[in-house]
J.: 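Take this structure, written in structure tokens, and hold onto it; I'll ask about it next.
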Amino acid sequence: MPVVAEILIPLALDTPYSYVAPAGLDLAPGDVVQVPLGPREIVGVVWGVTETAGGSNLRPVTGRLPFPPLSDPLRSLVDWIARYTLAPKGSALAMVLRLPDEAAAGETARVAVRLTDKPPSRPTPARTKVLAAAADGALRGKSALAKEAGVSLSVVDGLIDDGVLETVAVEPEPVAPRPDPDFPRAPLSPAQAAAVAELVAPFPWDRPQAQDSDDLRPVLLEGVTGSGKTEVYFEAVAACVRAGRQALILMPEIALTAQFLDRFAARFGVRPAAWHSGIGGKRRERLRAAVAEGEALVVVGARSALFLPFARLGLIVVDEEHETAYKQEDGVHYHARDMAVVRGRLENCPVVLTSATPAIETRVNAARGRYRHVLLPERFGGRRLPDIAAIDMRLDQPERGRFLSPPLVNAVKSTLERGEQALLFLNRRGYAPLTLCRACGHRYQCKNCSTWLVEHRFRRALVCHQCGYAERRPEACTECGTFDNLTACGPGVERIAEEAAEMFPDRRIVVLSSDFPGGAERLRQELEAVAAGECDVVIGTQLVAKGHNFPFLTLVGVLDADIGLTSGDPRAAERTFQLLQQVTGRAGRGEKPGRALVQTYQPDHPVIAALLSGDAERFYAEEIQAREAAGLPPFGRLAALIVSASEREVAEAHGQALARAAEPPEGVMVLGPAEAPLALVRGRYRFRLLVKTERNVDLQAYLRAWIARGPKVRGNVRVAIDVDPQSFL
DNA sequence: AGCACGCCGACT
DNA sequence: GTCGGCGTGCTC
């Protein structure tokens, strides 16, 4: 009887397609195959195999491809994610597969050279330098040799043509050197050692049949900034590697720094294999293969690393688990931290979530015993957390048109006089968040989105922070024509830099924000320079709150702690608390103790009060209570239907029609589209219809039914579903 | 995701 | 009269 294979194809298709297996080709679920689809050939994965009498009308599978088959847990993950996120199964598969993209691109043949016996036919000064550098006869890369000799590559090439140097093909640099779990390391503090013991003891790597055991619960490893969480989970990684299993460390892309890779190298002797959006081409494929063969023992990666085909996954660490960067907001909408927990369950391996400021839902999971909770309550090395004090802006007003209050200015002054570093934190890029005309009151607004345009004085432009739309800052008001009468309202980091330059002349001041001139690479260099102490006053947005460690920083001034508290986002309080706790925690991580001053108009606000008292417990308890009362996550559930189209009118019309079709049942509330501001995202207009449900409502089923009732979704209009992080286990 | 088919405006 | 723009639908 003919064998029919169900093949899942990595396109936006929800069901596998059926093909016949040609005689002599044994197919099993997970096999990577090539199949015809319409006029072309495409890669797919066998999702099921049946023997039937029929199937003669089906097209045959072209053949099996030489890739390791997708494991059972990985296929289950695809099914699970598709079901949970309501994405087509094929789209979920695409995240796992992303096969030979442009495998040939980025392929740089590595060629080493060494001296032959032949003298150069025409010696030149540049050639002599190269010969001197290569005199020891060792193998060197072409560009390394050129650099060492201080000449350009063409000189080396010329010597190769001349026969003075010979080329030797070298093995490409290994993608995944073996970390040594027993590499000599700095001793742990007693608190760290205790946390390691508590963390690792229940992990059942040597008891592979310990299924469903309590020991496989995810663990929340919570410790204040500077408590040394990283060293603690490194020990879990070491134990995992010793047990012969692979470990995955997930981090927000921004935190994946050279500083971190070096810290890993200090513990394990080599840098870990790193997986992020920047790694491409051949190297990407080699690393994927090394992971699939179980050779790459430790991978550190951004969220997409979660879909790598590990052969023997033994541990997943999610660093900074509260980070919003773990949430993917286009294509398949998912939260990598939660999918890590799911993958851990499917792979039967432990998952460690670490944070100094855990997300509420993670706290709740820990409090209810779904997750284990390991605490690291003190800073490492006897260092103290910074003292935090408020500056009540109603009492200590800055001068007119200024934003730094006198007590903060004085604190910065004395910090600088002691030769220490100060950070002024303001979570607002640009010069001023609003521009208006003094004559007619016109406010400059984005023509695509419902947001004000932000003035960027350095670029002489008004910019939308939603969609990136920018226009030249006009000389005369575009509404009433009055010349030179526009006024900047409120501060951004650029404006603070201007003020700081006046207050602290002769000091080295740097502004760090995601739109740093010169791009991400220059920004990275600048961050390292700050860490090395090559700057006195740092003015930064939230980007300085994470990632880099600044050992000379002893004072953090928070300029407008109240930003974000009024945003209407149900997570505003939580987000603000996390951000402020992280940024104030930057102070005093080096030799000298630190302190933080927080400018606020509402010192009694629960978030600010909790920050000042250091009583995170109380904040979480109150916030959890408030959410329970409001039926918000993690007690109810929150999701959004995201409607998008390339034309504004189309998106709006479709969204309205969908909103009318909502018919929410008991326990479900649909908000919007009035509450859902329109935004232009990557060339498409989109808005969100927020859905709030009570506990125990089957959100997925409701959303499916809603979409089915609504207007037919046609090509240009797309509906995506964004199910928020939940305590779903 | 591609690719074809079909319906509308603007060119030799 | 045809060329070609994109919106729409289909691929086992």
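Chain naming here is simple, since letters A, B, ... match the order of the sequence lines and numbering starts at 1 in each. All values derive from a computational prediction rather than experimental measurement.
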J.: Between A/E329 and A/R686, is a salt bridge (charged side-chain N to carboxylate O under 4.0 Å, His left out) present by the stated rule, with each step listed?
T.: CA-CA 12 Å; A/E329 305 254 42; A/R686 66 153 64 157; 5.7 Å; no
J.: Only one of A/V668, A/L638, A/I721 forms a side chain to side chain contact (heavy atoms under 4.5 Å, CB included) with A/V691, so which one is it?
T.: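 Result for side chain to side chain contact (heavy atoms under 4.5 Å, CB included) with A/V691: A/V668.
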J.: Could you state the atom-to-atom distance from CG of A/D14 to P of C/dG9 in whole Å?
T.: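 In whole Å, C/dG9 P lies 18 Å from A/D14 CG.
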J.: Could you work out, with salt bridge (charged side-chain N to carboxylate O under 4.0 Å, His left out) as the rule, every residue matching A/D79, not counting sequence neighbours?
T.: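 Checked A/D79 against salt bridge (charged side-chain N to carboxylate O under 4.0 Å, His left out); matches are A/K89.
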J.: Just the table, please: protein N/O against nucleotides 10-12 of chain C N/O, every pair under 3.5 Å.
T.:
from	atom 1	to	atom 2	distance (Å)
C/dT11	O3'	A/G38	N	3.1
C/dC12	OP1	A/P36	O	3.4
C/dC12	OP1	A/G38	N	3.4
C/dC12	OP2	A/R59	NH1	2.8
C/dC12	O3'	A/S18	O	2.8
C/dC12	O3'	A/R59	N	3.4
C/dC12	O2	A/S18	N	2.6

J.: Rounded to the nearest angstrom, tell me the gap between atom CG in A/L93 and atom P in B/dA1.
T.: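 A/L93 atom CG is separated from B/dA1 atom P by 14 Å.
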J.: Which pair of non-hydrogen atoms, one from A/I360 and one from A/E574, has the smallest distance, and what is that distance?
T.: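 Shortest heavy-atom separation between A/I360 and A/E574 comes out as N-OE2, 2.8 Å.
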J.: Name the stems with DNA chain B in them: runs of three or more consecutive Watson-Crick or G-U pairs, distances under 3.5 Å?
T.: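 When the pairs of DNA chain B are grouped into runs of at least three, the stems are B:1-11 with C:1-11.
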J.: Less than 4.0 angstrom from a charged side-chain N to a carboxylate O is my criterion; do A/K282 and A/E285 meet it?
T.: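 Not counted as a salt bridge, because no side-chain N and carboxylate O are separated by less than 4.0 Å.
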J.: Flag yes if more than 12 heavy atoms outside A/R709 fall under 6.0 Å of its CZ atom; otherwise flag no.
T.: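 Atom CZ in A/R709 is crowded, with more than 12 foreign heavy atoms closer than 6.0 Å.
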J.: Could you measure the distance from the NZ atom of A/K327 to the CZ atom of A/R303? Nearest 0.5 Å is fine.
T.: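 The CZ atom of A/R303 is 11.0 Å from NZ of A/K327, to the nearest 0.5 Å.
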J.: Check A/R337 with A/E361, please: is the shortest side-chain N to carboxylate O separation under 4.0 Å?
T.: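 Salt bridge between A/E361 and A/R337, a charged N being under 4.0 Å from a carboxylate O: yes.
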